[in-house]
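Written below as structure tokens is the structure these notes are about.
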Number of protein chains: 2
Amino acid sequence: MKRRIEQLSALGQEERLAIFRLLVRAGPQGNCVDQIKRRLKTPGSTLSHHLDTLTRSGLLSARRAGRFIHYAVNWREAANLIRFLTEDCCAEMHARFSPDPQTGAGVGNPCCSQAAKRPRRTRRAAAASEKAEARTSSENGNRRP
Amino acid sequence: MKRRIEQLSALGQEERLAIFRLLVRAGPQGNCVDQIKRRLKTPGSTLSHHLDTLTRSGLLSARRAGRFIHYAVNWREAANLIRFLTEDCCAEMHARFSPDPQTGAGVGNPCCSQAAKRPRRTRRAAAASEKAEARTSSENGNRRP
DNA sequence: ATTATATTTCTATGTTACTAGAATTATCGT
DNA sequence: ACGATAATTCTAGTAACATAGAAATATAAT
């Protein structure tokens, strides 16, 4: 749980998210610091701190190859993070936000599109949302009143 | 993109993540501030700031009902955030981190389990990872060398 | 050994975020 | 109109984070 918070806040920063996305695309071999530095044009010391933050969160792992240190995405942890969010939200989304239970289309979330085809709405969830949705159904309108 | 960063960093904070999780479980009706306050025992002003941060990020929406203001999860944005992470990572995971392409089991990520059954490995991805994985296959070992 | 390159740690500074009491605004009930 | 309750904004102190130059460390090449 604390780990998830660290990971979310690690990704919740422009430069670190850019690093992470770069490394996702770099694949399992990753990139050495110098490559990242040249691509993102970040000063070495700053980059090093960001890499440390991402590594301590578990999202990256580092391996030395001679003078170079390659940072790569730790896929297992990335999957765990997505699962964490999915389990907290996606299950609810399937139950409550499936715009067309017949086709499963509408959410447009590849993470959900498969599962949404068979509405997984539990008895409990259905009852709860029924009661709740009876009164108001906003689901939009963003700003504070 | 900037929005995604705001959302990730909004969730990357203990108290705000707790609020978000509470509201996920509260369903579409959400909870009014006072309910949240009593459950999480947060001082009003602090809570108000956190709710504002989450709302500005788009993850929550607020609706007034008399004296009460109900905050609820904005499922659409939550889905978008998960999709964002999924598209950046999950596609790569399917291609590179499917431990058993035959059964699709192993990752244990409900977000991926469906899709993993049909390995989506592209020609490009296969070639790239082949070349890369030839040398080293760490995929573990967390700390900096 | 010496020099060059890769990366990190040290150090410092500015900025942003968190926290929470007090004052304020808004709405309801009487 | 008035008091009570819900929630936000004001204000301010502290802590944490981001940035980056300079010094230090580690490895490789000559």
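Chain A is the first sequence line, chain B the second, and so forth, proteins listed ahead of strands; every chain is numbered from 1.
- Rounded to whole Å, the distance from CD on Glu15(A) to C1' on dA20(D) is 11 Å.
- When hydrophobic clusters are built by joining Ile, Leu, Val, Met, Phe, Trp and Tyr residues whose side-chain heavy atoms come closer than 4.5 Å, directly or via intermediates, Phe84(B) is grouped together with Leu22(A).
- Of the two residues contacting DNA chain D, namely Arg67(A) and Thr42(A), the nearest-nucleotide position lying further toward the 5' end is that of Thr42(A).
- A close approach under 4.0 Å does occur between a side-chain nitrogen or oxygen of Thr46(A) and OP1 or OP2 of dA20(D).
- Nucleotide dT27(C) holds its C1' atom 17 Å from the CZ atom of Arg63(B), rounded to whole Å.
- Distance from the side chain of Val33(A) is smallest for dT7(C) among the nucleotides dT7(C), dT19(C), dA7(D).
- In this entry the distance linking CD1 of Ile19(B) with P of dC18(C) reads 11 Å, nearest Å.
- Rounding to whole angstrom units, CG of residue Leu47(A) and C1' of dT7(C) are separated by 10 Å.
- Nearest nucleotide to the Ile69(A) side chain, out of dT19(D), dA22(C), dT7(C): dT7(C).
- Distance, Asn31(B) CG to dA6(D) P: 14 Å, rounded to whole Å.
- Side chain of Arg16(A) to main chain of Ala18(A): no donor-acceptor pair is present (N/O by atom type, distance under 3.5 Å, no hydrogens or angles).
- Residue Asp34(A) has its side chain nearest to dA6(C) when only dA20(D), dT11(D), dA6(C) are considered.
- Out of dT8(C), dC10(D), dC18(C), the shortest distance to the side chain of Leu51(A) is found at dT8(C).
- Of the candidate nucleotides dA6(D), dT19(C), dC18(C), dA6(D) has the atom lying nearest to any side-chain atom of Phe68(B).
- Between the side chains of Glu15(A) and Thr42(A), at least one donor N or O lies within less than 3.5 Å of an accepting N or O.
- At the phosphate of dA6(D), neither OP1 nor OP2 sits under 4.0 Å from any side-chain N or O atom of Tyr71(B).
- Atom CD of Glu14(B) is separated from atom C1' of dA15(D) by 15 Å (rounded to the nearest Å).
- The structure places CG of Leu40(B) at 12.0 Å from OG1 of Thr46(B), a figure rounded to the nearest 0.5 Å.
- Using a 4.0 Å cut-off between charged side-chain N and carboxylate O, Arg21(A) and Glu87(B) make no salt bridge.
- Taking five base pairs at each end of the helix from dA1(C)-dT30(D) to dT30(C)-dA1(D) and finding the rotation axis that steps the C1' atoms of four pairs onto the next four gives two axes whose angle is 30°, to the nearest 10°.
- Within the 4.5 Å cutoff, side-chain heavy atoms of Arg4(A) are placed close to those of Asn80(A).
- Across the protein-nucleic acid pair, Leu40(B) atom CG and dA7(D) atom P stand 14 Å apart, rounded to whole Å.
- The closest donor-acceptor contact from the side chain of Glu77(A) to the backbone of Asn74(A) lies at 3.5 Å or more, if one exists at all.
- When rounded to the nearest whole Å, the span between CD1 of Ile5(B) and P of dT16(C) equals 15 Å.
- Contacts of Gly66(B) with the nucleic acid, taken as non-hydrogen atoms under 4.0 Å apart, involve only primed sugar atoms and P, OP1 or OP2.
- Residue Ser48(A) has a polar side-chain atom (N or O) positioned under 4.0 Å from OP1 or OP2 of dT8(C).
- When all heavy atoms of Pro28(A) and Ala72(A) are compared, the pair lying nearest together is O-CB, 3.5 Å.
- Between Gln13(B) and dA15(D) there is no side-chain N or O to OP1 or OP2 distance below 4.0 Å.
- Contact annotation: His49(A) side-chain N/O to dT9(C) OP1/OP2 distance is not under 4.0 Å.
- When the nucleotides dT11(D), dA26(D), dA7(D) are ranked by their closest atom to the side chain of Arg64(A), dA26(D) comes out on top.
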